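Ligands are counted one by one from 1 in listed order, and the atoms in each one are counted from 1 as well. No experiment lies behind these values; they were computed from the predicted model shown.
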Amino acid sequence: MTVETQKNLIAQSVKNLPSIGLKKAAALAGVGVETIGDLFYYFPRKYLDRSSVVPIGKLQDGQEATVFAQIKNMGIKKGRRNRFYLVLADDTGYLTCVWFSRLFYWDKLFKAGEWLAVSGKITLFGGPQLVHPEFDRISESGGGELLNTGKIIPLYPSGEALARVGLDSRGFRRLLHRALQEYRISIPEILPQEIRDRHHLLPLPEALYAVHFPADYDLLEKARHRLAFDEFFFVELLIAHRKKKDTEAVNGISFTRVGQQVRTLVEQLPFELTAGQKRVLHEIRADMKSDKPMNRLLQGDVGSGKTVVAMIAILIAVENDYQAVLMAPTEILAEQHYLTLRQSLESVGVRTVLLIGGQTKRVREEILAEIETGAAQVVVGTHALIQENVRYRRLGLVIIDEQHRFGVMQRALLREKGMNPDVLVMTATPIPRTLSLTLYGDLDVSILDELPGGRKPIKTAWRSSSKRAAVYSFVRKQVMEGSQAFIVFPLVEESEKLDLKAAVDSYEIMQKTFFSQQKLGLLHGRMKCDEKEQVMRAFKRGDLSILVSTTVIEVGVDVPNATVMVIEHAERFGLTQLHQLRGRVGRGSQQSYCILIAYGQLNDEARKRLDTMAATTDGFEIAQVDLELRGPGEFFGVRQHGFPQFRMADVVRDVQLLRLCRDEAFRLVEQDPQLRDEAHLPLHRFFAGYFKEYAREMVWMA
Ligand code: ADP
Ligand code: MG
């Protein structure tokens, strides 16, 4: 069979399967399954076998367990609360399952004699009970034999819409079993033989069969490994591609001059550049000099001194008669950067402007005009800087201070606008290796791995809210000795009004009680631009000793005399955010402190976050724990950016595998950039379908 006909067979709509009518097809489309091929990639959510189920006789109170048993009895019971119950039995005893809602639905769904796998938290209530358990229907009869023969039974993700048309776990099992029987031989292999051999990978048809119906766990593991390999490999292929395209674009800018202004600026700095800063600047300098567009990621922990590096790169661009842009994730951070940059850049005669949302129309128009004529040499703002109708005279350098919020898409956007400036992305917190190899895999990386000398590690502790008064007397003592402090309150979009009120109220109360002798300032996102600026200035000058704020100060605020950071409701913050906030202190030579105040009953995850903060100040370590706790999707808001999700590959664990895949992908793109070789055609085809969102980029390949 040729590749072409094979492809057509599994690219057929699921409607071509005999058991699939319009209703089922619609329900499947709702979970992204449209073709027979899609169906094969609808993976089980877990597997059931003898080793994973607990006999009813062995159940204990409070245990999370999966039980495999047959329905003996069922019905609706009226009472103080009406309920639907099932009585299940295995060889060792009876288990009752109870539902308090949708009684008639359940009553119709189940049949006596059916075998079910039920999971949940057991309560011993007379006998063992499960309330609202998760369940899978295994079969009408003979379910016991299924397990007793040592079979591994796949359990599928389902939901109401699917279950209503018969596609619960059992329905999927049947459907997949039949579809695989018939179409397994039509699944084309997509990886070149050479790569499969090198890494001992199962052929794709075998892997896809085994992931649904594994003969044993060994085979299941091999199947997963093969599919995980594919996931990483495709992503790295995309990245290898991008990188190749970038290095082949020769229409970048060559910044040849480094002159008096840079020298003056460096001389004016109140400190020596660290060895790390010099090394990183050297790398950036080389990129800027080359006529290929720079695409570099600058990773450095909070406080490692990235701003100075950015400033020098900006000045190099300006000295070569180009404009430079610094893009920050929030307006307040843009303002901060603006204040810092302007101070230093003006002293060497460079005109710096700020462009953000809160400005009046007149100011805005003046600034836009300055940008267009080139009078404004450096522009600081948010991502609106490249999205809106801002016209540059000669844009040469874009620095993106990313702080986990911008996606990979910014660079693509610049290109689309026909600009090809050098791009430097700075991350405010370290990124675990696997993520930097995927998300930022096409960037060259510079790492600032040391903090400027003379810094003492920040002492961190967390306290329960009952100790709040003690925490604040500690703060008062520090402040009376001449230090400054931050007190931060959480503010999230969903509860913005309440959060804001809590922060403002606390500020007022604190000013009257704990800190009646101190000068407090208040800072939050709802204040006007110039109000915020005034407060920040007063704090920087030392006129205010304590700054009460919402998370607006998360990044970029730089007041070396501030040595105490108190974070209220620390249990509500993510790890990265806590680490960022803590980075606002410990910037001078004084000992600094960070105290996290937690409220209420803490869940395990919150406790782990707080313990991690207290245990380490190493940003890489914190990022790794964060990734483990939250998973990659949340970690970066990756999902929002249309970045492919890994279902088989584990971004936390599979670093080794990722490296292998990366090497293979880069090698392949080197060999056959457009995947034109006969042996690479199936891959080429699959790849283009896999990354639908990147279709525009793929044009290059076609
Ligand atoms: P971040 O990497 O978090 O953006 P910053 O650029 O804000 O860090 O720098 C943190 C602090 O360290 C600032 O107060 C900055 O002036 C100071 N700093 C930067 N480089 C040095 C250096 N080489 N020696 C001493 N202090 C430095
Ligand atoms: Mg910074």
Side-chain angles (χ1 to χ4, degrees), residues 262 265-284 296-315 326-330 332-345 347 380 399-406 424-431 445-458 483-484 486 536-537 539-542 547 551-563 565 576-592 594 617-620 622-623:
V262 171
L265 183 86
V266 172
E267 274 161 24
Q268 280 178 3
L269 290 175
F271 45 72
E272 272 281 305
L273 292 176
T274 64
Q277 285 168 324
K278 285 183 189 157
R279 188 190 62 237
V280 163
L281 273 166
H282 193 78
E283 291 162 353
I284 292 173
R296 186 166 285 279
L297 173 70
L298 173 56
Q299 279 209 61
D301 208 342
V302 191
S304 59
K306 295 183 290 287
T307 315
V308 169
V309 171
M311 191 149 68
I312 293 173
I314 285 172
L315 202 49
L326 177 64
M327 241 174 6
T330 63
I332 187 129
L333 181 52
E335 289 167 45
Q336 281 303 306
H337 276 319
Y338 167 69
L339 292 177
T340 315
L341 287 186
R342 196 188 59 184
Q343 202 179 24
S344 304
L345 291 175
S347 71
V380 183
I399 298 186
I400 304 175
D401 191 353
E402 170 149 277
Q403 172 51 10
H404 291 190
R405 280 178 209 148
F406 287 137
L424 179 68
V425 180
M426 305 198 291
T427 65
T429 11
I431 306 167
V445 178
S446 291
I447 294 182
L448 267 183
D449 48 9
E450 58 184 318
L451 297 184
R455 304 250 185 99
K456 297 193 180 76
I458 302 162
S483 288
Q484 287 170 282
F486 296 103
M536 271 317 300
R537 284 228 178 90
F539 189 66
K540 272 196 170 172
R541 273 196 311 266
L547 188 62
T551 36
V552 289
I553 62 148
E554 195 176 323
V555 262
V557 175
D558 189 24
V559 182
N561 189 47
T563 60
M565 166 65 66
T576 314
Q577 227 182 350
L578 290 172
H579 181 59
Q580 273 298 322
L581 285 167
R582 177 168 61 183
R584 298 308 107 206
V585 297
R587 298 186 155 233
S589 50
Q590 303 278 79
Q591 176 63 56
S592 286
C594 173
T617 52
D618 178 337
F620 274 100
I622 288 173

Residue-ligand contact R584/ligand 1, heavy atom below 4.0 Å: no
Polar side-chain atom of Q299 near backbone of V445 as donor-acceptor pair, under 3.5 Å: no
Contacting atoms of ligand 1, where contact means under 4.0 angstrom from a heavy atom of E272: 22 (C), 23 (N), 24 (N)
Nitrogen or oxygen of G303 less than 3.5 angstrom from that of ligand 1: yes
Non-hydrogen atom of G583 closer than 4.0 Å to ligand 1: no
Non-hydrogen atoms of P452 and G303 that approach each other most closely: CD-O, 3.4 Å
Proximal ligand 1 atoms for V302, defined as those under 4.0 Å from one of its heavy atoms: 3 (O)
Residues, nucleotides or ligands: over 12 heavy atoms within 6.0 Å of Q268 CD: yes
Part of R587 within contact of ligand 1 (heavy atoms, under 4.0 Å): side chain
Polar proximity ligand 1 side, G305 side, N/O cut 3.5 Å exclusive: yes
Verdict with reasoning, H579 to D301, per side chain to side chain contact (heavy atoms under 4.5 Å, CB included): CA-CA 9 Å; H579 181 59; D301 208 342; 2.7 Å; yes
Ligand 1 contact by S304, heavy-atom criterion under 4.0 angstrom: yes
Side-chain H-bond candidate by donor/acceptor type, S446 with E283, under 3.5 Å: yes
Partner of I312 under side-chain contact (heavy atoms from CB on, under 4.5 Å), chosen from V308, I314, L315: V308
Atoms of ligand 1, numbered as shown, that sit under 4.0 Å from any heavy atom of L273: 23 (N)
Non-hydrogen atoms of L451 and V302 that approach each other most closely: CD2-O, 3.7 Å
Ligand 1 atoms in contact with R455 (distance to a heavy atom under 4.0 Å): 10 (C), 11 (C), 12 (O), 17 (C)
